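Predicted, not measured: the structure shown is a model, and the values here were computed from it. Protein chains get the first letters and strands the later ones, always in sequence-line order, with residue 1 at the start of each.
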2 protein chains.
Amino acid sequence: MDAKRILKEHIAKIVSLTGEQFDYVFSHFKPQSYKKGQTIIGEGDKVDCEYFVLEGCLKSFYINDEVKMFILQFAMPTWWASDYNALYNGTKATINVDCITDSQVLCLSSADREKLCSEIHAVEHFFRWRTNKGYIASQKRLLSLMNNDARHRYEELMALYPALYNIVPKQLIAAYLGVSRETLSRLYNS
Amino acid sequence: MDAKRILKEHIAKIVSLTGEQFDYVFSHFKPQSYKKGQTIIGEGDKVDCEYFVLEGCLKSFYINDEVKMFILQFAMPTWWASDYNALYNGTKATINVDCITDSQVLCLSSADREKLCSEIHAVEHFFRWRTNKGYIASQKRLLSLMNNDARHRYEELMALYPALYNIVPKQLIAAYLGVSRETLSRLYNS
DNA sequence: CCAACTGTGTGACCTACATCACATTCAAAA
DNA sequence: TTTTGAATGTGATGTAGGTCACACAGTTGG
């Protein structure tokens with residue numbers, strides 16, 4: 001199992017922890033395996049973990065009243081996913097997280113994250129940095145959504161994450177871009 | 001001048017600092033005054049500060065090739081604004097920040113923020129928390145943009161920040177919602 | 001006081017994208 | 001192998017919202 005190595009390298013890109021510190025941090029992560037299609041967080045659930053992807057691919061998404069799906073994020077290896085709103089506010093999940101492919105994740109409870117953040121300054125720094133990156137990416141996506149048409153957004157996404165093209169069904173890509181699957185289909189067949 | 005009190009109370013909501021610590025933190029903030037319409041960050045500028053609003057109202061926005069404006073954020077008192085992408089990556093500004101009304105702000109350089117974060121654990125915690133809130137808000141806005149029509153988004157915004165209605169010209173509200181000013185006008189006259 | 005500008009309303013038209021309906025392909029399950 | 005059901009393609013049609021054009025405030029400044 002090299003879950004440990006993957007997480008270690010991921011964290012080491014941002015902050016340096018001693019071997020001992022990292023072992024301690026790592027001891028709070030619970031490995032889990034999920035099958036393709038399996039739900040990790042379902043609407044209405046109590047949310048107390050966030051998930052670090054080791055292998056596979058997750059999606060976090062919202063389903064509206066007309067049962068239409070909107071994808072907030074695809075989570076590939078070394079990405080994090082959860083319903084952060086529910087996680088931080090202690091409310092029930094409104095966002096779902098499930099598996100696009102068979103996946104291996106490390107699960108960290110919110111309580112443990114806060115404990116680690118307060119015990120080890122560098123860990124707090126790491127999580128600040130991570131959230132920051134997410135925030136900036138989210139702002140960019142907002143702008144792109146307002147500014148660019150569907151074709152442009154599609155090309156942007158494919159340029160940024162070409163791997164998605166092979167792994168993720170096109171209707172999910174449409175749900176991420178905020179267009180219907182029919183429109184997306186017409187876009188790239190021309 | 002009670003800039004100090006305003007910042008103190010703002011931070012105290014999240015973390016507790018000793019009087020001494022706070023004085024030290026505060027000494028890194030530079031007060032500035034701006035007139036209505038004045039530019040704080042312009043496209044192409046080198047960005048090295050973020051701004052904490054004491055009084056007045058700022059907007060952060062992007063202008064596209066067709067000279068159309070998209071507003072990322074309105075910043076009212078106790079809110080923060082900057083081009084965070086440029087600030088964290090050391091690139092030139094692509095986002096503008098300017099004043100909707102005469103404004104008073106406290107300016108904190110990125111270097112000082114990082115220094116304070118590394119010197120005082122609680123400050124790092126504060127900034128993690130702040131960014132986290134921003135991230136969650138940004139996700140919500142993304143979903144709303146994909147999910148809801150213009151009228152719904154308008155009502156949502158007015159419910160969340162009724163103060164904006166009086167302070168901010170409607171064309172700016174339109175630029176925030178991602179609709180044309182004409183469409184917005186038609187929406188609330190019916 | 002008038003000029004100039006900035007903000008807002010409203011009509012006529014246009015377009016990107018949604019929706020619905022059905023056909024087709026492909027993969028999993030029985 | 002056959003069956004079932006996802007995932008995709010494609011046509012016909014509807015609609016929210018964009019764009020352009022112009023009229024009419026309300027404010028600011030000379």
Side-chain angles (χ1 to χ4, degrees), chain A residues 35-39 57 59 61-71 74 96 98-102 142-158 164-190, chain B residues 34-39 57 59 61-71 74 96 98-102 141-158 164-190:
Chain A
K35 289 276 160 210
K36 175 174 173 174
Q38 212 178 333
T39 296
C57 183
K59 65 177 189 286
F61 59 102
Y62 172 74
I63 305 278
N64 75 3
D65 303 336
E66 292 91 50
V67 201
K68 211 168 130 182
M69 175 192 296
F70 299 92
I71 294 185
F74 296 113
N96 305 266
D98 72 14
C99 298
I100 294 177
T101 65
D102 292 359
L142 253 178
L143 273 185
S144 180
L145 203 57
M146 293 203 282
N147 204 355
N148 304 132
D149 63 14
R151 156 171 273 124
H152 192 115
R153 290 190 326 261
Y154 174 67
E155 276 154 17
E156 214 168 50
L157 181 67
M158 289 302 108
L164 288 178
Y165 188 87
N166 305 308
I167 298 170
V168 177
K170 310 232 184 282
Q171 42 177 333
L172 295 187
I173 293 187
Y176 178 92
L177 295 175
V179 290
S180 67
R181 55 167 204 84
E182 293 95 330
T183 296
L184 181 62
S185 165
R186 284 184 251 265
L187 281 184
Y188 59 60
N189 297 338
S190 60
Chain B
Y34 294 99
K35 288 276 160 209
K36 175 175 173 174
Q38 212 178 333
T39 296
C57 183
K59 65 177 189 286
F61 60 102
Y62 172 73
I63 305 279
N64 75 1
D65 303 337
E66 293 92 47
V67 201
K68 211 169 130 181
M69 174 192 296
F70 299 92
I71 294 184
F74 295 113
N96 305 265
D98 72 13
C99 298
I100 295 178
T101 63
D102 291 358
R141 191 169 160 206
L142 252 177
L143 274 185
S144 180
L145 201 58
M146 294 201 285
N147 204 354
N148 305 132
D149 63 14
R151 154 172 275 123
H152 192 116
R153 291 192 323 265
Y154 174 68
E155 276 155 16
E156 213 167 50
L157 181 66
M158 289 301 108
L164 287 177
Y165 189 86
N166 305 306
I167 296 169
V168 176
K170 312 231 184 280
Q171 40 176 333
L172 295 187
I173 293 187
Y176 179 93
L177 296 175
V179 289
S180 67
R181 55 167 206 83
E182 293 94 329
T183 295
L184 181 62
S185 166
R186 285 184 249 266
L187 281 183
Y188 57 61
N189 298 336
S190 60

Requested in this report: Would you kindly give the CG-to-P distance between B/Leu187 and C/dT8, to the nearest whole Å?
Outcome: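 Result: 14 Å.
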Query - Spacing of B/Met69 atom CE relative to D/dG18 atom P, expressed in whole Å - result: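 Distance, rounded to whole Å: 16 Å.
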For a quick test of reading the model, state the closest non-hydrogen atom pair linking [X] to [Y] and the distance between them.
{"X": "B/Val67", "Y": "B/Ile63", "answer": "CA-CG2, 3.7 Å"}
{"X": "A/Leu177", "Y": "A/Leu145", "answer": "O-CD1, 3.6 Å"}
{"X": "A/Leu164", "Y": "A/Phe74", "answer": "CD1-CD1, 3.8 Å"}
{"X": "A/Met69", "Y": "A/Ala175", "answer": "O-CB, 3.4 Å"}
{"X": "A/Ile100", "Y": "A/Ile167", "answer": "CG2-O, 4.2 Å"}
{"X": "B/Cys57", "Y": "B/Val168", "answer": "SG-CG2, 4.5 Å"}

Query raised in the report: Taking only side-chain nitrogens and oxygens of B/Lys68, does any of them come within less than 4.0 Å of OP1 or OP2 of D/dT19?
Result: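 The answer is yes; a side-chain N or O of B/Lys68 sits under 4.0 Å from OP1 or OP2.
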Query raised in the report: Looking at residues 143-154 of chain B, who's got a heavy atom less than 4.0 Å off DNA chain D?
Result: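 Close to the strand are B/Asp149, B/Ala150.
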Set of residues satisfying side chain to side chain contact (heavy atoms under 4.5 Å, CB included) with respect to [X], sequence neighbours excluded:
{"X": "B/Asn148", "answer": "B/Ser144, B/His152, B/Arg153, B/Glu156"}
{"X": "B/Lys170", "answer": "B/Tyr165, B/Leu184, B/Tyr188"}
{"X": "A/Thr39", "answer": "A/Asp98"}
{"X": "A/Asn147", "answer": "B/Tyr62, B/Asn64, B/Phe70"}

Protein-nucleotides 24-30 of chain C N/O pairs under 3.5 Å:
none

Spacing of [X] atom [atom1] and [Y] atom [atom2] [to the nearest 0.5 Å]:
{"X": "A/Phe61", "Y": "A/Ile71", "atom1": "CZ", "atom2": "CD1", "answer": "7.5 Å"}
{"X": "A/Met158", "Y": "A/Ile173", "atom1": "CE", "atom2": "CD1", "answer": "3.5 Å"}
{"X": "A/Cys99", "Y": "A/Lys59", "atom1": "SG", "atom2": "NZ", "answer": "8.5 Å"}
{"X": "A/Thr183", "Y": "A/Tyr154", "atom1": "OG1", "atom2": "OH", "answer": "13.5 Å"}

Report task. Kindly write out the residues that satisfy salt bridge (Lys or Arg N to Asp or Glu O under 4.0 Å) with B/Asp102, not counting sequence neighbours, or none if the list is empty. Result -> B/Lys35
Pull out every protein N or O sitting under 3.5 Å from an N or O of nucleotides 24-26 of chain D, one pair per line with the distance.
none

Query raised in the report: Residues in side chain to side chain donor-acceptor pair (under 3.5 Å) with B/Arg186, at least two apart?
Result: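 If we apply the side chain to side chain donor-acceptor pair (under 3.5 Å) test to B/Arg186, skipping adjacent residues, there are no hits.
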Query raised in the report: Hey, what bend do you get for the helix from C/dC1-D/dG30 to C/dA30-D/dT1 if you fit axes on five pairs at each end, rounded to 10°?
Result: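 The value is 40°.
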Query - Contacting residues from residues 171-179 of chain A, given that a heavy atom lies under 4.0 angstrom of DNA chain C - result: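 DNA chain C contact set from residues 171-179 of chain A: A/Gly178, A/Val179.
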Requested in this report: For nucleotides 9-14 of chain C, just jot down a letter per nucleotide in 5' to 3' order: B, S or -, based on protein non-hydrogen atoms under 4.0 Å.
Outcome: BBBB--
